[in-house]
Amino acid sequence: MRSLTFVAPGELRFDEVDAPVIVDGTDALVRPLAATTCDLDHHVIRGITPMSALGPFALGHECVGTVVEVGPECATVKVGDIVGVAWHIACGTCAQCKLGHTARCLLHGEAQYGLPLNGYWGGTFDELVRVPYADFNLAPLPAGIDPVHLASIGDNLALGWESVVPTLAGIDNPEVAVFGGTGSIGLYCVDAAVHCAGARTVYYDDDPVRMEVAAKLGAEVYDINGKRERNFHLAVDASADPVRLRKALLSVMPEGYVNSVGIYFEDVAVPMLNLYLRGVHFHNGKGHARPSMTPTLEAVAAGTLHPELVTSGIYAWDEIPDVLTSADAGHKPIFVLGD
Ligand SMILES: [Zn+2]
Ligand SMILES: [Zn+2]
């Protein structure tokens with residue numbers, strides 16, 4: 001089968017590799033229908049992450065696909081199911097998985113698709129993907145919804161829901177600020193804040209394309225370098241930029257929440273005295289995806305969420321290397337695998 005290989009910064013190619021097979025009885029094999037980039041992948045390709053020095057490896061950890069084979073111990077997943085694939089490898093039954101912390105699975109740790117962190121699992125730009133604990137890690141897609149715009153459900157799209165909706169539970173008339181900067185996550189957060197949480201939502205950025213999408217999703221949109229409010233219940237830092245992280249930390253009301261999905265590879269200065277005086281609940285960490293995939297899919301099926309507005313372009317599979325190494329890859333390019 002063909003596998004998309006990240007060779008080095010700015011260099012992607014398709015390689016012929018052995019297709020994965022069923023190893024454990026709980027495995028399933030999934031052929032992608034559509035796959036897309038996590039915002040992190042763009043940083044890997046640009047060479048600005050520590051992982052950018054680890055090539056060659058199979059890139060990609062977001063896809064939806066068709067189940068083409070199941071192991072004998074799969075109870076709910078069947079051949080022919082159209083599913084979303086969680087980006088991480090999680091057993092579903094250890095103490096952390098039971099708490100919903102599937103990105104901290106005690107059996108598999110850092111293991112995931114598309115980065116060589118703990119074992120080899122291939123990438124979701126491969127033509128066939130082995131999914132362990134398939135009953136747990138695969139989420140059936142709702143019938144009647146075009147799966148293409150759900151390509152991100154296994155990571156960034158579910159992370160938008162995860163970063164906003166649980167935090168706002170029980171808050172009347174919530175007000176949310178989203179600090180953009182990375183490609184798609186901030187926009188998925190806006191969608192969840194406006195339409196799932198019913199929040200007044202403000203989006204800060206300086207990228208005109210993302211700002212236009214955020215406005216379409218129902219946010220009030222302001223230049224990140226302009227005046228900012230400081231009384232939000234929740235600020236989401238989706239920037240991966242220390243200057244914007246600081247702005248997010250300073251924008252919430254006393255005892256407010258800041259959820260950061262940005263990845264910082266170096267230490268950053270944090271205004272600790274201000275946080276102390278204000279009282280701030282700060283969370284930074286990987287998205288757990290799987291527990292949030294089902295409610296996110298239900299919200300899409302109900303017409304509440306609008307992931308199609310975040311998609312920046314739809315391309316053929318063969319175009320993956322050229323599009324992803326071009327200067328204008330777009331904030332959420334989705335690639336469709338033909339028959
Ligand atoms: Zn990711
Ligand atoms: Zn586990």
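Counting convention: from 1, in listed order, for ligands and their atoms alike. When reading the values below, keep in mind they use all heavy atoms of this one structure, side chains included, and skip hydrogens, waters and symmetry mates.
When rounded to 10 degrees, the angle formed at the Zn ion (ligand 2) by SG (C105) and SG (C91) equals 100°.
Taking the ring centre of F14 as origin, the terminal cationic atom of R2 falls inside the region bounded by 6.0 Å and 45° from the ring axis.
Take the N/O/S atoms of D155: the one nearest the Zn ion (ligand 1) is OD2. Here the N, O or S atom of H61 that is nearest to the Zn ion (ligand 1) is NE2.
Inclusion of C97 in the first shell of the Zn ion (ligand 2) is supported: an N, O or S atom falls under 2.8 Å.
Residue pairs meeting the salt bridge (Lys or Arg N to Asp or Glu O under 4.0 Å) criterion with at least one member in residues 65-94, sequence neighbours excluded: K78-D81.
Taking a 6.0 Å sphere around OH of Y276, one finds it holds 12 or fewer heavy atoms contributed by other residues, nucleotides or ligands.
In summary, the side chains of E175 and N231 do not present any donor paired with an acceptor at a separation below 3.5 Å, with no hydrogens or angles considered.
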